[in-house]
Amino acid sequence: MNTLSRRGFLAASAAAIAAAQMPRLAFAQSVAPISLSAATRTLDIDGRAATVFGLAGPGGQGLVLDPSQRFRVDLSNDLDVGTIIHWHGQIPPNAQDGVPDMPMPLLAPGETRSYDFEARPGTHWMHSHVPIQEMQQLAAPLIVRTQEDLAADRQEVVMFLHDFSFKSPEEVLAEIGGGHGVGHGADPGAPAAQGMPMGGMGAMQGMDHSAMGGMPMGNMPSMGGMMGMGGQMGGMAMDLNDYDWDAYLANDRTLSDPEVVRVERGGRIRLRVINAAAATVFWVETGTAEARLVAVDGHAVQPLAGSRFGLAMGQRLDIEIDLPNEGGAWPILALREGARERTGLILATQGAEVQRLDAVAPSEAPAFDTDLAQEARLITLNALPDRPVDRSQMLMLGGSMQPYVWTINGAVWGQHQPITARSGERVVLSFHNMSMMAHPMHLHGHVFQIVGLNGRRVAGALRDTVHVPPMSMVDVALDAGEAARWMLHCHHMPHLASGMMTEFAVTASV
C-alpha cells in the first residue's frame with residue numbers, strides 16, 4: 001500500500017523493478033489483504049471539533065492500488081452501528097457491491113468482511129450505502145493507478161470534496177423535507193432504519209408522486225429556449241441547492257485552514273477531483289495555471305483545455321495542470337453552484353507566499369451545465385464497440401420540493417418496477433428529467449457511454465454517474481453485465497433518502 005506522495009511513487013517504482021527480477025515462483029505466493037476500517041474520527045471545522053465517520057487504510061483515509069493489484073480488502077466495522085461500503089466506480093461481483101441486503105446484510109459492529117475482485121483503474125471512491133452515514137463523511141478516495149501513472153513525470157494530488165453540517169443527518173433531512181425528511185416517525189438510528197437500502201429511509205409512500213413526471217414528452221422544450229437569469233427556466237425557478245451546509249470541505253478542511261500541497265516549479269500535476277458531497281454540485285477552478293480535463297469518472301477523454309470544470313455528486317474529474325517555471329502559489333478552488341461558498345486547496349512551491357482566501361467568493365457561481373454544454377464537449381478515448389441496441393428503456397425523473405418526494409417512473413423505492421435486461425444485451429437508458437432539480441444518476445455494476453443529449457446523438461464520455469439537468473434528457477448505452485439486481489439511483493442523498501431509487505434487474509441470457 002502506497003500513499004499518493006512522491007515518495008510513494010518512487011517506492012512503488014522500485015518495487016515494480018524488484019518484482020520484475022524475482023523468480024516466477026514468487027508470484028504464486030498470495031498477497032496479504034489490505035486492512036480498511038470504518039471508524040469515527042475528529043475534524044477541525046473552522047476551529048470547532050466535529051466527530052465524523054471515515055474509512056482508514058494503511059496510509060490514512062482511502063486506498064491507493066498499483067497497476068494490476070487486485071482489490072483484496074478486509075473491511076472492519078469499528079463503528080457502533082451497522083454499515084456497508086459501496087466501491088463506487090468498481091464492478092465487483094454483485095455479492096460484493098455493498099448495498100444493504102442486496103444480497104449481503106450490513107456489517108455488524110466489530111465484524112470484518114473480505115472482498116476480492118479485479119480492480120478497475122482510475123479515480124474512484126468508496127462510501128457507505130446508508131444515506132445518513134455518507135452524510136457523516138463515511139467516504140474516502142479509491143485510486144487505482146496505471147502503468148502510465150507510475151511512469152509519468154508528474155505529481156498526483158487528490159481533492160476530495162464534501163459538504164458538512166454540525167447537525168445530525170436526521171435533523172438535516174427533517175429540515176429539507178419540511179419535517180418529513182426521515183419519514184414515518186422511525187428512529188433513524190435504529191438498526192432497521194440503518195439497514196434500509198439507500199432510498200428506504202424517508203420514502204413518503206401514499207403521497208402524489210406524479211409531480212412534474214406526467215408532462216408529455218412532446219411538450220419538452222429545448223434547453224436553449226428555457227434558461228434565463230438567476231436560475232429561472234422558462235419562467236419556472238430551478239432548485240439548485242436545497243440545504244445550506246455549515247462548511248464545504250476539500251480533503252476534510254475548509255479555506256480557513258486549507259491543505260497546502262508542495263509542488264515543483266514547472267511541474268505537471270494530475271489533480272484527481274472526487275465529489276463526495278451529499279447534496280452539492282461544484283465547479284473546480286484552476287486559476288491561471290494551464291489545465292486540461294483528461295478523464296471523467298475514471299475514464300480517459302480527449303483532453304479538454306480550460307480553467308473551470310464542473311462535477312455533480314458521485315462524479316470525478318482528472319485534470320492535468322502545467323505549472324509555470326517561476327515559483328508561486330496556485331489556489332485550486334471548488335465553488336458551490338448557484339452560490340458564493342467555496343472550498344479548495346493550494347499548490348505552492350517551496351517558500352512561496354500563501355495568501356489567506358475567503359470561504360465566500362465575491363459573486364455567485366452559475367448553475368452547472370444546465371444546457372449540457374460541458375457534457376457535449378467530452379469525447380471518450382475508449383468507446384463502446386458499435387453494435388445494435390437490443391433494449392431501450394425510458395426513466396422519467398420526477399419530484400418536487402413540496403411535498404419533498406423524488407421519483408423514478410412515478411414511484412419511490414419499494415413501489416418501484418425494476419428496469420430489466422438480459423446479460424450481454426446492448427441497452428440504452430434514457431433519463432428524462434421533468435423536475436426542476438438536477439439529478440446525478442448512478443448505476444451500479446456497469447459503465448455506460450453518453451450517446452444522446454436532448455435528442456442529439458453524441459459519442460460522449462464513459463461514465464458511471466451522469467448529471468441530468470432540469471427539463472433535459474440524457475441517453476446512455478451499456479452492455480448488461482452479471483445477472484443480478486443492481487442499484488440505479490440519484491446520488492443526491494436527500495433525494496435518495498426520499499426514495500429516488502430503482503433497480504436494474506439483469507437476468508441470465510438464454
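In terms of the salt bridge (Lys or Arg N to Asp or Glu O under 4.0 Å) criterion, residue partners of Glu148 (sequence neighbours excluded) are, by chain and number, Arg154.
Between the side chain of Gln155 and the backbone N or O of Gly267, no donor-acceptor pair lies under 3.5 Å. Using modelled atom types, one side-chain atom of Arg262 and one backbone atom of Thr349 make a donor-acceptor pair closer than 3.5 Å. The closest donor-acceptor contact from the side chain of Gln315 to the backbone of Asp297 lies at 3.5 Å or more, if one exists at all. In this structure a side-chain-to-backbone donor-acceptor pair under 3.5 Å is missing from Asn275 to Gly314. Between the Asp242 side chain and the Met401 main chain, no donor and acceptor come within less than 3.5 Å of each other. The main-chain N or O of Leu249 is never found under 3.5 Å from a side-chain atom of His162 such that the two would form a donor-acceptor pair. Counting only distance, with no hydrogens or angles, the side chain of Gln61 and the backbone of Leu55 share a donor-acceptor pair below 3.5 Å. Put simply, the side chain of Arg457 never gets that close to the backbone of Gly455: no donor and acceptor are under 3.5 Å apart. For the pair Asp78 (side chain) and Ser37 (backbone), a donor-acceptor distance under 3.5 Å is absent. Judged by distance alone, the side chain of Arg265 and the main-chain N or O of Glu326 form no donor-acceptor pair under 3.5 Å.
None of Asn409, Val474, Ile408 except one satisfies the side chain to side chain contact (heavy atoms under 4.5 Å, CB included) rule with Leu397; the exception is Ile408. Tested against Ile332, the residues Thr286, Val273, Ile319 include a single side chain to side chain contact (heavy atoms under 4.5 Å, CB included) partner, Thr286.
For Gln355, the CD atom sits in a loose shell: 12 or fewer heavy atoms of surrounding residues, nucleotides or ligands are nearer than 6.0 Å. Residue-environment remark: CZ (Arg377) stays at or below the threshold of 12 foreign heavy atoms within 6.0 Å.
Asp475 contributes atom CG, which lies 8.0 Å from atom CG of Leu453 (distance to the nearest 0.5 angstrom). Annotation: the span from Arg270 atom CZ to Thr123 atom OG1 amounts to 6.0 Å, rounded to 0.5 Å. Thr254 OG1 to Leu357 CG: the interatomic distance, rounded to the nearest 0.5 Å, is 11.0 Å. Atom CD of Gln449 is separated from atom CG of Asn382 by 9.5 Å, given to the nearest 0.5 angstrom. Between the CE atom of Met434 and the OG atom of Ser472 there is a distance of 9.5 Å, given to the nearest 0.5 Å. One distance of note links CD of Gln136 with OG of Ser165; it measures 10.5 Å at 0.5 Å rounding.
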Derivation of the side-chain contact (heavy atoms from CB on, under 4.5 Å) call for Arg342 and Asp358: CA-CA 8 Å; Arg342 62 187 182 179; Asp358 198 321; 4.2 Å; yes
side-chain contact (heavy atoms from CB on, under 4.5 Å) assessment of Glu337 paired with Trp283: CA-CA 7 Å; Glu337 72 159 341; Trp283 290 100; 4.3 Å; yes
Audit row: Trp330, Thr288, side-chain contact (heavy atoms from CB on, under 4.5 Å) steps and yes/no: CA-CA 8 Å; Trp330 297 273; Thr288 58; 3.8 Å; yes
Arg336/Asp244 under salt bridge (Lys or Arg N to Asp or Glu O under 4.0 Å): CA gap, chis, key distance, verdict: CA-CA 10 Å; Arg336 181 187 183 209; Asp244 288 327; 3.0 Å; yes
Pair Leu496-Glu134, side-chain contact (heavy atoms from CB on, under 4.5 Å): steps then yes or no: CA-CA 11 Å; Leu496 194 49; Glu134 202 276 347; over 6 Å; no
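Taking the centre of each ring, Trp125 and His491 come in below the 6.0 Å mark. Taking the ring centroids of His489 and His444, they lie under the 6.0 Å cut-off. Under the 6.0 Å cut-off for aromatic ring centres, His467 and Phe368 qualify, their centroids lying closer than that.
Here the closest non-hydrogen pair linking Gly399 and Thr407 is N-OG1, 4.3 Å. For the residue pair Ser400 and Trp406, the shortest heavy atom distance occurs at O-CZ2, 3.4 Å. The minimum heavy-atom distance between Gly344 and Pro258, with the atom names listed, is O-CB, 3.8 Å. Across every non-hydrogen atom of Val158 and Pro141, the tightest pair is CG1-CG, 4.0 Å. The two residues Leu384 and Ala477 come nearest to each other via the heavy atoms CD1-O, 3.3 Å. Here the closest heavy-atom approach between residue Ile91 and residue Gly445 is recorded as CG2-O, 3.3 Å.
Note: His127 and His88 have tilted aromatic rings, judged against thresholds of 30 and 60 degrees for the angle between ring planes.
When side chains are defined from C-beta on, Leu378 does not count as touching Val458, because their heavy atoms never get closer than 4.5 Å. Proximity of Leu395 to Ser430: side-chain heavy atoms (C-beta onward) are nowhere separated by under 4.5 Å. Contact of the Asp44 side chain with the Asp257 side chain is not registered, since no non-hydrogen atoms from C-beta on lie closer than 4.5 Å. The shortest side-chain heavy-atom distance between Pro469 and Glu375 does not fall under the 4.5 Å cut-off. Met487 is not listed as a side-chain neighbour of His86, based on a closest heavy-atom distance of 4.5 Å or more. A 4.5 Å side-chain heavy-atom check between Ser256 and Arg356 finds at least one atom pair inside the cut-off. Residues Asp318 and Arg272 meet the side-chain proximity criterion, which asks for heavy atoms closer than 4.5 Å. Two residues are said to be in side-chain contact when any heavy atoms from C-beta on lie closer than 4.5 Å; Ile143 and Asp149 fail this criterion.
We find that Asp464 and Arg120 are not joined by a salt bridge, their nearest charged nitrogen and carboxylate oxygen being 4.0 Å or further apart. Ion pairing between Asp153 and Arg268 fails under the 4.0 Å rule for side-chain N and carboxylate O. Under 4.0 Å is where a charged nitrogen must lie from a carboxylate oxygen, and between Glu156 and Arg145 no such pair does.
Geometric assessment of Arg48 against the ring of Phe166 yields a positive cation-pi assignment under the 6.0 Å and 45° thresholds.
For Asn433 and Ser435, the side-chain atoms include at least one donor-acceptor pair closer than 3.5 Å.
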